[in-house]
Protein chains: 2
Amino acid sequence: MDGDTRDTIRAVALELFSTRGFDQTSLREIAERVGLTKASLYYHYSSKQALLIAVVEPVLTGWRDIADDTATLAHTSANVRQVVARCLDVLLRNRAVAGIFQRDPAGVAVVAGALWEDMLELSRRLYTWLAGPAASPAEQLRAVAAMEVLGAALTSGTYLKEEISEAEARAVLLDAAMDVLRVSAEPEASGMRKSG
Amino acid sequence: MDGDTRDTIRAVALELFSTRGFDQTSLREIAERVGLTKASLYYHYSSKQALLIAVVEPVLTGWRDIADDTATLAHTSANVRQVVARCLDVLLRNRAVAGIFQRDPAGVAVVAGALWEDMLELSRRLYTWLAGPAASPAEQLRAVAAMEVLGAALTSGTYLKEEISEAEARAVLLDAAMDVLRVSAEPEASGMRKSG
DNA sequence: GTCTATAGATTGATAGAC
DNA sequence: GTCTATCAATCTATAGAC
């Protein structure tokens, strides 16, 4: 049973892509760490692009789920908070993959253009829903800014002097994003109530 | 007088670095656009790294000025707003350079490590001042998040459906960043009053 | 499945004529 | 200051033996 090797390769690739950047990571480097030769990598993944996609796609799926759900979700403040929380959780659960996009978006865009366009499209849908129906340009911009806030979950480690628990970071960033969206703080409700 | 050629090269490099990413841009590409050969580029800039630094450094200086000023600036809400506004203006005035850091931070970090470390250090100083004296980890995190908000000035073009004037975008993002910092909205005051 | 060997392309950089 | 020509390194990817 050799999904093992495939998985090891993917894990090593994820680590190197996310720390050094996609472009800065060569297949030679990955092969060395795994303990194989470059040629053997190609037995498991047909190209560097295929390897990148294998590493990134699972997260894209999680992202897509959220975007799809918003299609039928009423734009209430409780729901907005829930959607933002889900986005944040996807980010926190997939720090490494998110780091790939953050560290070398240009490289990813070039080698996986279609995947990149998918991500942009998903983001657009999410931002549009977050901004709310008939949102003004200013409100749309606030929606984009709110999602940027979540990115601090990834970068904060570089800047903070003291440690902060993941739970607290999550709470702080969720509140901050809601502040940007100008949605008043509420407990994370489970029900949903129609509004528009 | 041939600062002309030097400047043209720098301008072309800026455009390509910021749109395609630093690593994705080859000297051959730059040379072609300028109308020179690669070899001639090397007469004006001793390396690709030197070219990158020439492109980026002016902005780093503007950034450093802000960080330096905070050293002797009282942490009042009016001053916080003013500092954030200055950061935002540097960003808006140098969208292209900022785009280099945003599109390929990994590539920049590798080829211009010292410059990159300088940027990190400046950012740390700014974040620290923004968070305020004796800030809790949560407040520090909010300071990082507030600066992330400003980054929306660069990315928004990709996502917004309708146009938004630069002036309005500036106003919206400044307010949003202040919301993240939890500093109440005030007019941009010129005086400063001691608070802590 | 893993290996050796190598093709084929591109890159940053240099030498030296003009 | 600009050119032609070229080097040396590195990379992705493939062919074919074992």
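All figures in this text were calculated on a predicted structure; none of them were measured in a lab. Letters go in sequence order (proteins before strands), and every chain restarts at 1.
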Spacing of Y45(B) atom OH relative to dG12(C) atom P, expressed in whole Å: 16 Å

For atom CG of L16(B) and atom P of dT11(C), their distance in whole Å: 13 Å

Atom pair distance, as rounded to whole Å: NZ in K38(B) and P in dA15(C): 15 Å

Length of the line joining K48(B):NZ and dT11(C):C1', which is rounded to integer Å: 8 Å

Residue closer to the 5' end of DNA chain D, R28(A) versus A39(A) (nearest nucleotide): R28(A)

Distance-minimising heavy-atom pair for D104(A) and F22(A): OD2-N, 3.6 Å

Sugar-phosphate only, base, or nothing, as touched by S26(B) at under 4.0 Å among non-hydrogen atoms: sugar-phosphate

Given I9(B), L14(B), V12(B), the one that forms side chain to side chain contact (heavy atoms under 4.5 Å, CB included) with V55(B): L14(B)

Phosphate-side-chain proximity, S40(A) and dG1(C), N/O vs OP1/OP2 below 4.0 Å: no

Atom-to-atom span, CD of Q24(B) to C1' of dG12(C) - whole angstrom: 15 Å

Closest non-hydrogen atom pair, S77(B) against V183(B): CB-CG1, 3.2 Å

Gap separating the OG1 atom of T155(B) from the CD atom of Q102(B), nearest 0.5 angstrom: 6.0 Å

DNA chain C: 5'-proximal contact among G35(A) and F22(B) (nearest heavy atom): G35(A)

Distance, rounded to the nearest Å, where D23(A) contributes CG and dT11(C) contributes C1': 12 Å

Given dT14(D), dA13(C), dG1(C), the nucleotide with the shortest approach to the side chain of Y42(A): dT14(D)

Separation of dA13(C) P from Q49(B) CD (nearest whole Å): 8 Å

Residue-phosphate contact under 4.0 Å: Y43(A) side-chain N/O, dT2(C) OP1/OP2: no

Rounded distance (Å) that lies between atom C1' of dA13(C) and atom CG of L27(B): 9 Å

Residues V149(A), E148(B); criterion side chain to side chain contact (heavy atoms under 4.5 Å, CB included); working and verdict: CA-CA 6 Å; V149(A) 164; E148(B) 295 276 337; 5.6 Å; no

